[in-house]
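Reviewing the structure listed below.
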Amino acid sequence: MTIKSALTIAGTDPSGGAGIQADLKAFQEREVYGMSVITSVVAQNTLGVQQVEHLSIPFIEQQFDAVWNDIKPDAVKTGMIATIEMMELIAGKLENTDVPYVIDPVMVAKSGHSLMEEKSREVIRNMLIPLSTVVTPNVPEAELLVGFTIKTLEDAEKAAKVIVKELGAKAAVVKGGHLEGEAKDVLYDGNDYTYLTSERFPTHHTHGTGCTFSAVITAELAKGKTIKQAVEAGKKFITDAIKYSLKLGNGNGPTNHWGHRLQGLPNQEGK
Ligand SMILES: Nc1ncnc2c1ncn2[C@@H]1O[C@H](COP(=O)(O)OP(=O)(O)OP(=O)(O)O)[C@@H](O)[C@H]1O
Ligand SMILES: Cc1ncc(CO)c(N)n1
């Protein structure tokens, strides 16, 4: 069996539910060898973000080169990239590669703490999205990327299309976690829409859902799956991870990365 590898470039979550830690756990569950480049170290937990420290640009570059020049990944994702300088560095590193690239355009944590400088939005739009295979914004992130309000499924479809046709991504999934009703995500791949729907679980233990979803997509692309197959696998995985989410900590608990192994057991609704 050929070993496939995936790289996450992101911030950390010492409580293990989001960021680099969530990504590595997801890669492992999908049987892809996981690697990481840390952009910012974040003091956070299920209650929120307490403090952020950015690593220097030369040190982020050293980490990137250490991985890339030794074990070149089969797919890469970026999560929290807080500053313009970090984005410019990453764009420069990825612009001449053909490695599938997933962008989770992390802007604000669930707790409301900003994880990206506001002035960086322009740079993610202009420099990173044109390089990407898939972009996975939630509704507030998609609104900031496209500049209009998203309230309905039609708005989400329009936003996904703008991210592809105008901003230059190969595909975009606008996640419906923040909308009402079923948890319905919309994938646009330049030709067709695909809808990914699950029931909405009545839980507040959803810390790190976006990170885990995009990490699974990255792992599947590393294995050579199509964009549609990868996004469908991501949806299936995150649905089980939320269904069996973990009542850990004093705030919004993390998703359960082994949820897919608990099929058929009662979930933890109503916690
Ligand atoms: N309560 C829920 N029940 C079922 N699926 C959900 C629920 N909340 C979110 N999802 C799904 O989880 C995935 C991640 O979406 P979400 O909008 O929560 O991401 P996010 O806001 O980027 O997450 P985070 O910023 O915490 O990492 C999507 O597929 C979404 O439909
Ligand atoms: C490091 C990091 N990335 C992303 C998120 C979004 O959930 C978070 N809370 N922390």
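Counting convention: from 1, in listed order, for ligands and their atoms alike. Nothing here was measured: the structure is a model prediction, and the numbers come from that model.
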Close approach, Gly210 and ligand 2, non-hydrogen under 4.0 angstrom
no
Is it the side chain, the backbone, both or neither of Leu115 that has a heavy atom closer than 4.0 Å to ligand 2?
side chain
If you measure from each non-hydrogen atom of Ser40 to ligand 2, which part falls under 4.0 Å: side chain, backbone, both or neither?
neither
Identify which one of Val134, Val216, Val231, Thr226 satisfies the side-chain contact (heavy atoms from CB on, under 4.5 Å) criterion when paired with Leu221.
Val134
So if I apply the side-chain contact (heavy atoms from CB on, under 4.5 Å) rule between Met87 and each of Ile81, Thr39, Thr78, which one comes out positive?
Ile81
With respect to [atom], which of [options] exhibits the smallest heavy-atom separation?
atom                    : options                     : value
atom 10 (N) of ligand 1 : Ile242, Asn252, Thr209      : Ile242
atom 2 (C) of ligand 1  : Phe237, Phe201, Phe213      : Phe201
atom 3 (N) of ligand 2  : Ser214, Gly19, Ala82, Gly79 : Gly19

Close-contact set for ligand 1 against [X] heavy atoms, below 4.0 Å:
X      : value
His178 : 17 (O), 21 (O)
Glu199 : 3 (N), 4 (C)
Gly208 : 26 (O), 27 (O)
Asp185 : 28 (C), 29 (O), 30 (C), 31 (O)
Lys175 : 14 (C), 15 (O), 17 (O), 19 (O), 20 (P), 22 (O)

Tell me: protein heavy atom nearest [atom], and distance?
atom                    : value
atom 26 (O) of ligand 1 : Lys110 NZ, 2.6 Å
atom 5 (N) of ligand 1  : Ala183 CB, 3.4 Å
atom 27 (O) of ligand 1 : Gly210 N, 2.9 Å
atom 10 (N) of ligand 2 : Gln44 NE2, 2.9 Å
atom 9 (C) of ligand 1  : Gly177 CA, 3.7 Å

Are any of the side-chain heavy atoms of Tyr244 and Arg261 separated by less than 4.5 Å?
no
Below 4.5 Å, heavy atoms only, C-beta onward: do Val174 and Tyr188 meet side chain to side chain?
no
Is there a continuous path of hydrophobic side-chain contacts, each under 4.5 Å between heavy atoms, that joins Ile103 to Ile90?
yes
Is Met86 reachable from Trp68 through a run of hydrophobic residues whose side-chain heavy atoms are each under 4.5 Å from the next?
yes
Enclosure of [X] [atom1] (heavy-atom neighbours >12, cutoff 6.0 Å):
X      : atom1 : result
Gln50  : CD    : yes
Glu154 : CD    : yes
Gln28  : CD    : no

Side chains of Lys228 and Thr194: is there a donor and an acceptor less than 3.5 Å apart?
no
Contacting atoms of ligand 2, where contact means under 4.0 angstrom from a heavy atom of [X]:
X      : answer
Val106 : 4 (C)
Ala18  : 8 (C), 9 (N)
Gly11  : 1 (C)
Thr12  : 1 (C)

Apply side chain to side chain contact (heavy atoms under 4.5 Å, CB included) to Ile242 and Thr206, showing your working.
CA-CA 6 Å; Ile242 296 170; Thr206 54; 4.3 Å; yes
Are any of the N/O atoms on Asn138, whether in the backbone or the side chain, positioned under 3.5 angstrom from an N/O atom of ligand 1?
yes
Just checking, Lys158 and Phe148: is the charged tip under 6.0 Å from the six-membered ring centre and within 45° of the axis?
yes
Applying a heavy-atom cut-off of 4.0 Å, say which part of Lys235 lies close to ligand 1: side chain, backbone, both or neither.
side chain
Do NZ/NE/NH1/NH2 and the carboxylate oxygens of Lys235 and Glu232 come within less than 4.0 Å?
no
Within the side chain of Tyr33, is there an N or O that forms a donor-acceptor pair under 3.5 Å with the backbone of Ile3?
no
Any donor-acceptor pair under 3.5 Å linking the side chain of Ser36 with the backbone of Ile38?
no
Check whether any heavy atom of [X] sits under 4.0 Å from an atom of ligand 1.
X      : answer
Lys243 : no
Cys211 : yes
Thr206 : yes

